[in-house]
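As C-alpha cells, the structure follows; a few thoughts come after it.
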Amino acid sequence: MAQMIAAPKWTLIPEPDPHFQASLAQQLALLGVSVHPLVLKHLASLGFSVPETIRFLEPKKEHCHSPWLLKGIQEAVELLEDAVVRGRRITVVGDYDVDGVGATQIAYKALERLGANADCYIPHRKHEGYGIRSSVVERLRDRGTEVILTVDNGIAAANAIALAKSYGMTVILTDHHTPPEVLPAADVIVNPHQPGCPYPFKGICGGVVAYKLVQALFEYMGLDPEEVEEFDETAALCTVADVMPLLDENRVFVVEGLKRMRENPSLGIAALLKCLGIDKRRVNEGDIGFYLAPCLNAPGRLDSAETALQLLLAETPLEAAVVANTCVAYNTRRQELVERALAEAQPLIRPQDGVQVLLLDAEEGITGVLAGQLKEALNAPAIVFTEAESSAGRKVLKGSGRSIPGFSLFDCLLEIYTQHPEWFVTWGGHAGAAGVSIYAEHLDAFREAVNRVFAAADIPEQAVFYLGEVEEHELDVLSRQFECLAPFGHGHPRPHLLLRAVVMDKQVFGQKQNHLRLYTEGGSELTMFRGAGVMVELGKPAEVFLTVGRTHFAGRDRLELLVSDIFQ
C-alpha cells in the first residue's frame, strides 16, 4: 500500500521572545522606524541578533565578505595573472543554466577587460551533458586551450580534470556545488564548500563565486575593485535563478543587481525586459524568477545555451533585440512542450504509488520542470524519464526527480544503487532534486524499488507556516511595510497571513480561464492563480491564507493579495 502524504497543515509561527521583540522595536524606534506588530514578529522570527536584523534591513556593499577569504583565491588569481601576462589561451567552461551562463559571462568579460587571450565554452545539454567532461577537454585541447577556468561546475569532474592535467593544461576550478570526498586534481579549487574554506557564508551561487574571483583579480592586477560592480546585474540573476537563500550578502547582490537593472541595465537584459513588457523601473526579484530566468534557461533546455550567453554578451541594441526575441520564443516553445507532456502524464499516474516514476516522450531539458510541477500538483515525489542515447547497445533512460520535505531523493537513490548498481548509468543530486540515468530494461524494477524505500520512510507531517491573523483594513499598511523587507525568495519567503472574510463574488480569468479572483465583503480583491477549480461558496465566511504585496498596473500602485489556500 502506498504511503499517502497529507496536504501540508497551516501552522501558526510561535511568538518570538517578547524581550527580544521589545529590544528590536526600541532599536528601530531610534532609527525613526515604527512597524506593525506582525512585521516586528516576522523580523524577530528570522533568528538574527538585533544588529544582524538592522543589517538585514539595510543591505549594503560593505556587508559583503572579502573575496580573499575564499580558500584558493590567492593561487587562482596568481595563475590567472600569469596566464594573462604571458598570453596563454584561457577557456572559461560554464554550464547551461542561468547560473552557469551568468558565471561564464562574468569571467569571460573580466578576462577580456584585462586583455587576456580568452574564449568560453558551454557544453550542450543533450550532446555533451553537464559540466566539463573528457570529451570537452579533448575538444579544448584541439583548439589550443592552455588554461581551463571552470565556473559553476567541475567539482565532480575528477576524470576530466585528470585528463586536462595529463595534457599539460592549467586547471582553475571554481564551483559552489557540494564536493565529493576526493577532490579533483586541479591546480587550484575555489569553492566555499571545500574542506578548510573559511568563507563565512556558504550559500553563494556559481555566478557569485566567479564575481568574487574577478573582484580579487581586478585588485591584484591594479584595477579598481569597484569595476566588478558592472556584474551586479548578472550576480542577481544567478542568485535568484539558482534559488540561493536571500540572506547575508545574497541580499546585497540582489538589491544592487536590481538597482542596476532599473537604472542602467545591460543591452541584453534591457532588450529582454522590453520584449517581455516589463517596466525596467519596476523590475523586482519576482520578475527575475518568473520571467527573465525561464527565458535565459530555455535555450539550454531545448538547444544550446550559447544563445543565452550571446544575449548577456550583446554589444549592440539590434543584436540584443534579436537574441532576446529568440530567448522568449524558446521559452514559449518550452511552455508548450511542458503542457503537452503534463497532459501525456495524467493517464500514466499510478494512484497506488507514493512516488510517481514516469517515462514520457519529452525533451530531456524539461524533465526537471515536469517533475517539479507533478510534485507540486500531487504533493508527492516525482521522477520523470525520457529516452536518451543508447550506451553500448543498451537503451538508456535519463530522468530528473523532485521531492517533498522529509524524503531525500539522494538517500533513496543511494540505497537502491548500493543494492543494484547494475541498473544505473549515472546518478547524483541532493535531498530535494536529483538526476538519474538507468538502463531501460530496469524501469519497472526501479519504480518498485523507489516506492519500497518511500513506503518504509518515516516522513514527518508537513507544515506551512503563517505569521498571524490580520484584519482587512490593515492589509494596505502591511503590504507597504513588508515591501521594505524585500527581496523575498528562498530562505526569506514572503510571509503568509490569515484573513477571515466573506466572499461576495468570484470570477475566473486568464487565457486558459484557470485563475480565480475573489471579492470580499470588505472590498478587497484576492487572486488565486490556478485556482479556478477551487469551490468557494458566496456569502459564507472563509479562512483565507494569503501573502500581501504591491503591484503596478496602468501606472498605478495597488495592493496585491495572493491566495495560497482557502477554507469554508
Side-chain angles (χ1 to χ4, degrees), residues 70-73 75-76 79-80 83 89-97 99-104 106-108 119-143 145-195 197 204-207 209-210 213 238 242 300 304-305 309 364 388-389 391 396 398 400 410 413-414 417 424-430 433-437:
L70 283 162
K71 181 181 178 180
I73 196 82
E75 296 91 330
L79 287 170
L80 283 172
R89 181 73 170 271
I90 306 169
T91 299
V92 180
V93 180
D95 183 28
Y96 40 65
D97 66 1
D99 191 23
V101 171
T104 302
I106 291 171
Y108 173 70
D119 62 1
C120 46
Y121 189 91
I122 297 180
H124 192 287
R125 180 192 293 262
K126 188 172 184 179
H127 303 318
E128 296 173 300
Y130 166 75
I132 187 166
R133 297 189 174 211
S134 295
S135 59
V136 173
V137 172
E138 298 279 6
R139 188 168 288 110
L140 297 183
R141 183 190 65 161
D142 292 343
R143 62 194 234 182
T145 295
E146 298 170 278
V147 179
I148 291 175
L149 169 60
T150 73
V151 291
D152 192 38
N153 76 97
I155 200 65
N159 291 339
I161 302 302
L163 180 63
K165 291 304 300 173
S166 75
Y167 290 149
M169 295 176 173
T170 299
V171 181
I172 302 164
L173 193 163
T174 77
D175 203 346
H176 75 116
H177 295 99
T178 304
E181 287 188 15
V182 179
L183 298 177
D187 290 86
V188 64
I189 296 174
V190 180
N191 182 330
H193 295 284
Q194 69 176 308
C197 181
I204 55 176
C205 62
V209 175
L213 176 64
C238 294
D242 224 46
S304 170
L309 180 60
E364 180 184 306
E389 295 180 4
S391 174
V396 172
K398 189 171 184 179
S400 295
F410 182 89
L413 292 175
L414 177 61
Y417 176 79
F424 291 76
V425 181
T426 60
W427 71 278
H430 50 83
V436 55
S437 295

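Under the salt bridge (charged side-chain N to carboxylate O under 4.0 Å, His left out) criterion, Lys165 pairs with Asp187, sequence neighbours left out. Among residues two or more places apart in sequence or in another chain, the salt bridge (charged side-chain N to carboxylate O under 4.0 Å, His left out) test is passed with Lys398 by Glu364.
Atom CZ of Phe410 and atom CH2 of Trp427 lie 4.0 Å apart (nearest 0.5 Å). Once rounded to the nearest 0.5 Å, the distance linking CG of Leu140 with CD1 of Ile148 reads 5.0 Å. Summarising the geometry, atom CD1 belonging to Ile106 is positioned 10.5 Å from atom CG belonging to Leu213; distances are rounded to the nearest 0.5 Å. Here CG of Asp152 is found 5.0 Å from CG of Asp95. Values are rounded to the nearest 0.5 Å. In this structure, CG on Leu70 lies 5.5 Å from CD1 on Ile204, to the nearest 0.5 angstrom.
Between the side chain of Thr91 and the backbone N or O of Cys120, no donor-acceptor pair lies under 3.5 Å. Put simply, the side chain of Ser400 never gets that close to the backbone of Gly435: no donor and acceptor are under 3.5 Å apart.
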Verdict with reasoning, Tyr121 to Arg139, per side-chain hydrogen bond (donor to acceptor under 3.5 Å, both in side chains) = CA-CA 10 Å; Tyr121 189 91; Arg139 188 168 288 110; 3.1 Å; yes

Verify side-chain contact (heavy atoms from CB on, under 4.5 Å) between Val101 and Ile122, making sure each step is shown before the conclusion.
-> CA-CA 8 Å; Val101 171; Ile122 297 180; 3.9 Å; yes

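Here the side chains of Glu128 and Arg133 are not in contact, with every heavy-atom distance at 4.5 Å or above. Inter-residue side-chain proximity for Glu138 and Leu163 is flagged as met; some heavy-atom pair is nearer than 4.5 Å. Looking at heavy atoms from C-beta onward, Ile132 lies out of side-chain contact with Pro123 at the 4.5 angstrom threshold. The shortest side-chain heavy-atom distance between Asp242 and His176 falls under the 4.5 Å cut-off.
Contact detail for Gln194 and Ile189: the closest heavy-atom pair is NE2-O, 2.8 Å. Of all heavy-atom pairs spanning Val137 and Ala160, the tightest one is CG2-O, 3.5 Å. Across Cys238 and Ala103, no two heavy atoms sit closer than the pair SG-N, 4.0 Å. Val136 and Gly131 get closest at one heavy-atom pair: CG2-O, 4.4 Å. Among all heavy-atom pairs drawn from His177 and Asp175, the shortest one is ND1-OD1, 2.7 Å. Looking at every heavy atom in both residues, Ala107 comes nearest to Val151 through CB-CG1, 4.1 Å.
Residue Lys126 qualifies as open at atom NZ: its count of foreign heavy atoms under 6.0 Å is 12 or below. More than 12 heavy atoms of other residues, nucleotides or ligands lie within 6.0 Å of OH in Tyr130, so this atom counts as buried by the packing criterion.
Applying side-chain contact (heavy atoms from CB on, under 4.5 Å) to Leu173 and the options Ile155, Leu183, Leu149, Val93 leaves one that passes, Ile155. Here the options are Val188, Ile172, Thr170, the test is side-chain contact (heavy atoms from CB on, under 4.5 Å), and the partner is Leu80; only Ile172 passes.
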